[in-house]
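Note on naming: letters A, B, ... go to the chains in the order of the sequence lines (proteins, then strands), and numbering restarts at 1 for each one.
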Amino acid sequence: MIANISRLQILTGLSIFIMLIFVAIDTDARGRGGGGRGGHSMSRGGGHSGGFSRSSASSRGSMRGRSASRPSGGGVSRGDRGGRDRPETRPDRPDRGDRGDNISDRQNDRQDAARDRQNDRQDAARDIHDDREDWYDDRRRRVAAAIVIGSVISAASWNSMSCARTSVVVDGITYWSCDGAWYQSSYSGGSVTYVVVNAPAGY
Amino acid sequence: MAGLVSHPVNAEIPEPGPDVGEQTRATLMNFTKFLSSQKSFSYTAEMGYEAVQNSGLRIEFGATRKVTVQRPNRARIEAQRRDGGKRLVIIDGKEISVFDENENVYAIVPREGTLSEIIDYYVDELEMPLPLAELASDDLSEVLTENISFGHTIGESTISGILCDNLVLQNDEVDIQLWIAKGKKPLPRRVVITYKNEPGEPQFWATFVKWDLSPDVDDKQFTFKPPADANRITFAPRLAVIPGGAE
């Protein structure tokens, strides 16, 4: 259980950190129609100066408005992630069996209750976390294995970097090395982005 | 974008209200019913959108997209941006695969359900763009009728030689101009969407170059095989990593 708490806290902390990074930079990637390749394009490219932003709510081409979300009650909402099953049942609680009136039993009851509450809280926390990030497991595993230590850059910026790159695949995911720094790539805000991470295991 | 003005709708029509004329409603129902009844279809469209810079300068970006849909849950989208970027999206009913050719990277995420559910997930949760995705949704009719507070038929209008009904639709967020072909195949030929609540009120537009109601829907169209040298990456939509809190 302690391991679970620690893992959750670590992942939560990492998520906050990643979110802040994502929010802070590379805003032009949001809403872009595809992975930017920069070069002659007018993409600003992850904080590089002098260009123009491709970012626009209109790039999404939604007839509903900015978000394609349906009104509540109308079809699939953000909270309804059908198709990604997660066991609904919680682990069986210990059978309390016969409870006597002695102090030891009452103490056990209190401990059981405390444990139950703790389990409930942890279950609830896990539920939220699982619901939110089941589909995000690949990323989570990567982040868990490779701490994000630097900024997110756009594909355009990545392509403009002149360093000699090498790549390795660890656990199915590609890592790139560039001038001593390690990078991973993700689709973020509709575009291909690269993020500085620590070295993958074994490197 | 030549020929378009910023607020063509407001200049031509009465003040908005909860009002959709019978002719407009009939045209919309005819169109949505017809498209929804197609077990498979494909279209190619030229699309563009305005990115309004902080200075107010409008710049248009765009792409050509070929979209193939096979109900209930398969789709293939090939996009080529004007700057050369190419993206392939394949929805096979079990997984969503995205491949960016120029970057030579791809990502795959499992997702089952109806095409509408899968598209919602792709657009809302993964925050990936899929312009005019509503055309492939099961609830296209709702999008174009229930979410609209005002609708009006401007009149007949010819797009690329095809006689259309020119409709305007409106709700709090968007003004939509639609050109629906008259005749036995009431399909959209052009759409212009104005995002009224966004800075600079940018527009999105699409002109449908080709509609095919008997497209190639062989399994290979919906099978993603990444190139051997492509690198697998992941989806990391930033809002999805907000920890724990309400969405």
Side-chain angles (χ1 to χ4, degrees), chain A residues 12 15-16 18-19 22-23 31-37 40-42 52-71 74-76 78-79 81-84 125 128-129 132-133 135-136 138-139 142 155 167 172-174 184-190 192-193, chain B residues 47 49-53 59 61 63 79 81 83-85 87 98 100 102-103 105 107 109 111-113 116-117 120 123-129 131-134 139 142-144 147 171 173-174 176 193 195 197-198 202-204 206 231-238 240-244 247:
Chain A
T12 301
S15 296
I16 294 171
I18 296 165
M19 178 190 69
F22 282 173
V23 168
R32 195 180 303 171
R37 192 167 171 77
H40 61 281
S41 82
M42 303 192 80
F52 295 92
S53 172
R54 300 177 66 110
S55 176
S56 177
S58 61
S59 70
R60 300 208 156 238
S62 168
M63 289 192 278
R64 292 186 175 93
R66 181 171 188 167
S67 167
S69 298
R70 285 161 169 68
V76 177
R78 284 176 177 269
R81 309 237 177 99
R84 205 171 61 264
I128 293 169
H129 203 73
R132 183 174 303 281
E133 298 196 3
W135 56 269
Y136 196 57
D138 281 350
R139 173 73 183 180
R142 291 191 325 157
S167 65
I173 300 299
T174 302
Q184 292 176 333
S185 182
S186 297
Y187 283 106
S188 179
V192 177
T193 60
Chain B
M47 302 183 183
Y49 71 89
E50 294 175 323
V52 181
Q53 309 297 302
I59 301 177
F61 298 96
R81 294 210 325 261
D83 68 0
R87 175 174 292 178
V98 182
D100 272 51
N102 303 57
E103 297 298 326
V105 297
V109 62
R111 186 63 183 178
E112 297 180 352
S116 293
E117 291 169 343
D120 279 357
V123 173
D124 290 349
E125 304 293 340
L126 300 183
E127 298 191 346
M128 297 292 281
L132 301 182
E134 294 90 346
D139 60 352
E142 293 176 26
V143 174
L144 290 180
N147 292 331
N171 64 25
E173 292 190 52
V174 293
I176 302 174
I193 306 171
Y195 296 86
N197 297 334
E198 301 298 329
Q203 289 189 323
F204 168 92
N231 294 296
R232 183 168 181 171
I233 65 174
T234 59
F235 293 101
R238 66 203 75 182
V241 296
I242 293 173
E247 296 191 24

Open item on the list: Contact between B/L132 and A/M63 at the side-chain level, heavy atoms closer than 4.5 Å - yes or no?
Closed with: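 Yes, their side chains come closer than 4.5 Å.
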
Task: Residue pair A/R64 / B/V143, side-chain heavy-atom distance below 4.5 Å - done: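 Contact flag for A/R64/B/V143 side chains = yes.
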
Task: Structural part of B/A63 lying under 4.5 Å from a heavy atom of chain A - done: neither

Open item on the list: Please classify the contact between B/I193 and chain A as side chain, backbone, both or neither, with a heavy-atom cut-off of under 4.5 Å.
Closed with: side chain

Mark yes or no for whether [X], through its side chain, and [Y], through its backbone, hold a donor-acceptor pair below 3.5 Å.
{"X": "B/E198", "Y": "A/A57", "result": "no"}
{"X": "A/R54", "Y": "B/I59", "result": "no"}
{"X": "B/Y195", "Y": "A/S62", "result": "yes"}

Open item on the list: Suppose we screen for side-chain contact (heavy atoms from CB on, under 4.5 Å). Which residues come up paired with B/A51, at least two apart in sequence or across chains?
Closed with: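 Partners of B/A51 under the side-chain contact (heavy atoms from CB on, under 4.5 Å) test: A/S56, B/Y49, B/Q53, B/F61.
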
TODO: Work out which heavy atom in B/E50 is nearest to a heavy atom in A/S58; give both atom names and the distance.
DONE: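 Looks like O-OG, 2.8 Å.
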
- [ ] Grab the two heavy atoms, one from A/Y187 and one from B/V105, that are nearest each other, plus how far apart they are.
- [x]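 Closest approach of A/Y187 to B/V105, heavy atoms only: OH-O, 3.6 Å.
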
TODO: First locate atom OG of A/S185, then atom CZ of B/R232, and finally report the distance between them rounded to the nearest 0.5 Å.
DONE: 13.0 Å

